[in-house]
Amino acid sequence: MPPAEHATGLVLSGGGARAAYQVGALRAIAKLLPRGNVQPFPVICGTSAGAINAALLGANGDSFRRGVARLVRWWRKIVVTDVYRGDLATLSRHALRLIGSLGGGGHGPRSAPTLLDNSPLASLLQSGIDIGRVKQHIESGHLRALGINATSYGTGHAVTFFEASGEVAEWRRARRRGERCRLAIEHLMASTAIPFVFPAARVDSDFYMDGSVRQIAPLSPPLHLGARRIIVLAVGQFTGQSATGTPPLPDRAHQPSLGQIAGHALSSVFLDNLGADLERLYQVNRLLRLQQPGESAQGVPAASNIDVFVLFPSRDLGAFALRYADRLPRGVHYLLRGQGSTQGTGANLLSYLLFDREFARALMKLGHDDAMARREELVGFLDGASPGYLPLFPRELN
């Protein structure tokens with residue numbers, strides 16, 4: 001393992017079915033690494049579906065290539081019913097509960113109504129990820145830390161549940177904290193519990209929702225866990241989604257559909273905080289370049305540059321998902337079509353819920369190709385032994 005001051009962290013952001021894109025990028029990274037590099041990322045952090053990818057990598061912490069290979073196999077076989085129930089009867093029951101909660105005058109269902117039932121996901125994770133192995137990989141020195149992000153309903157705090165080597169301490173900041181624990185499947189269910197879409201997940205005495213919701217500083221957890229250089233695999237374009245076709249004239253424009261509203265809300269949850277945190281880091285790095293080596297305010301240690309490499313899709317994944325919409329189970333397709341999620345910019349919601357093997361394979365190919373298109377940058381970053389300035393978005397910022 002590299003010394004702590006040079007440890008490279010991997011950040012896998014949330015994004016539902018879009019997380020297959022990360023797997024393609026990881027496959028490219030595995031190809032680019034020298035054969036002797038067993039674990040290039042001693043610190044791994046994941047949120048939402050990215051937490052599932054992070055957990056499987058952590059469970060195979062003694063072999064990055066084996067972990068990536070198992071991720072590829074996992075996503076190549078995925079179907080909607082592995083993640084949530086897509087039959088018309090279940091969907092209708094959930095819709096009725098949702099309507100009942102809105103008009104029940106305080107006498108609605110005791111549990112919060114949600115659009116979908118994701119109970120199959122718990123079984124899939126239980127059978128597919130031996131998360132108990134994370135502890136032995138930390139003890140053997142292959143891993144320094146694995147962090148899973150969730151959001152507490154009780155406190156509103158962004159919580160990073162983590163397993164780590166002994167020198168890593170818990171932390172507490174404004175509305176966010178790091179909590180040492182033995183990671184389990186319940187933490188993954190908490191991290192993936194998208195509000196209104198999937199039900200809250202209980203961990204100990206509190207309920208949790210998707211880790212992206214209140215994650216105002218997504219780059220903070222890997223830094224607390226010991227990383228000093230970070231690779232971020234995002235699952236959306238920071239420049240926003242492009243509408244398909246010719247936009248309507250202002251006086252003929254329709255009101256946005258429910259699918260558009262939900263899709264943009266989820267994009268905000270999964271992308272906006274990450275984008276804002278990356279921009280803050282970019283500006284801090286620029287200021288540090290102006291500071292003389294070793295220079296600092298009196299009594300304050302000199303700050304160090306945090307080098308970050310960001311990879312994100314070269315294509316709009318909402319529009320990309322439209323060609324696979326017909327692969328949804330009939331009930332789900334009917335539900336999303338009725339909300340306007342199978343056309344135009346409403347396809348954002350579709351892309352988050354389309355857990356389909358063909359869509360996943362297309363996303364993995366895109367992630368692989370995007371990473372390979374930047375192979376020289378990636379290799380240079382992975383080979384770097386010391387921090388150094390690197391633009392975050394080379395295609396937008398110069």
Holding to side-chain contact (heavy atoms from CB on, under 4.5 Å), I want the full list of residues that pass it with Asp369, two or more places apart in sequence or in another chain.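 Once residues adjacent in sequence are excluded, the partners of Asp369 under the side-chain contact (heavy atoms from CB on, under 4.5 Å) criterion are Lys365.
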Treating [X] as the side-chain partner and [Y] as the backbone partner, does any N or O pair qualify as donor plus acceptor under 3.5 Å?
X	Y	value
Arg176	His157	no
Arg180	Ala164	yes
Ser152	Gly154	yes
Thr47	Gly50	no
Gln215	Ala217	no
Arg65	Lys31	no
Arg361	Arg76	yes
Asp82	Val79	yes

Walk me through it: do Leu281 and Asp277 pass the test side chain to side chain contact (heavy atoms under 4.5 Å, CB included)? CA-CA 6 Å; Leu281 182 61; Asp277 207 21; 5.9 Å; no
Under 6.0 Å between the ring centres of Tyr21 and Phe359?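 Aromatic pair excluded; centres sit 6.0 Å or further apart.
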Could you walk me through whether Ile194 and Met209 pass the side chain to side chain contact (heavy atoms under 4.5 Å, CB included) check? CA-CA 6 Å; Ile194 303 172; Met209 61 181 137; over 6 Å; no
To the nearest 0.5 Å, what is the distance between [atom1] ([X]) and [atom2] ([Y])?
X	Y	atom1	atom2	result
Leu233	Ile29	CG	CD1	5.5 Å
Ile138	Leu143	CD1	CG	6.0 Å
Leu116	Arg85	CG	CZ	11.5 Å
Ile52	Leu71	CD1	CG	10.0 Å
Phe41	Leu382	CZ	CG	5.5 Å
Ile216	Leu274	CD1	CG	13.5 Å

When you group the ILVMFWY residues by side-chain heavy-atom contacts below 4.5 Å and let the links chain together, are [Y] and [X] in the same group?
X	Y	result
Ile129	Tyr84	yes
Leu57	Val38	no
Leu124	Leu328	yes
Phe309	Leu33	yes
Ile44	Val134	yes

With a 4.5 Å cut-off on side-chain heavy atoms, are [Y] and [X] touching?
X	Y	value
Leu10	Cys45	no
Asp370	Ser314	yes
Leu223	Arg228	yes
Ile230	Asp307	no
Phe198	Asp210	no
Ile148	Phe162	no
Ile78	Val83	yes
Leu322	Tyr324	no

Hey, mind stepping through Val310 and Val308 against side chain to side chain contact (heavy atoms under 4.5 Å, CB included) and telling me if it holds? CA-CA 6 Å; Val310 186; Val308 179; 3.8 Å; yes
Would Arg202 and Tyr208 count as a cation-pi pair here, with the cationic atom under 6.0 angstrom from the ring centre and within 45° of the axis?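 Geometry flag: not set, cation outside 6.0 Å or 45°.
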Between Arg18 and Ser351, does any side-chain donor sit less than 3.5 Å from a side-chain acceptor?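 Ser351 and Arg18 do have a side-chain donor-acceptor pair below 3.5 Å.
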Modelled atom types, side-chain donor and acceptor of Gln22 and Asn53, under 3.5 Å: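 Asn53 and Gln22 do have a side-chain donor-acceptor pair below 3.5 Å.
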Taking atom [atom1] of [X] as the centre, report whether more than 12 heavy atoms of other residues, nucleotides or ligands fall under 6.0 Å from it.
X	atom1	value
Arg375	CZ	no
Glu376	CD	no
Gln126	CD	no

Smallest separation among heavy atoms of [X] and [Y], with atom names:
X	Y	answer
Pro42	Pro40	CD-O, 3.4 Å
Val235	Gly14	CG2-O, 3.1 Å
Leu366	Pro313	CD2-CB, 4.5 Å
Thr151	Gly156	CG2-O, 4.5 Å
Ala122	Ile185	O-CG2, 4.2 Å
Leu354	Ala17	O-CB, 3.3 Å

Short N-O contact, Arg177 and Glu179, less than 4.0 angstrom: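 Judged by the 4.0 Å cut-off on N to carboxylate O distance, Arg177 and Glu179 do form a salt bridge.
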Pairs where residues 181-195 contributes a residue and the test side-chain hydrogen bond (donor to acceptor under 3.5 Å, both in side chains) is met, not counting sequence neighbours: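 Pairs touching residues 181-195 that pass the test: Glu163-Arg182.
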Decide yes or no on side chain to side chain contact (heavy atoms under 4.5 Å, CB included) for Asn60 and Ser63, but give the supporting numbers first. CA-CA 6 Å; Asn60 293 274; Ser63 174; 5.6 Å; no
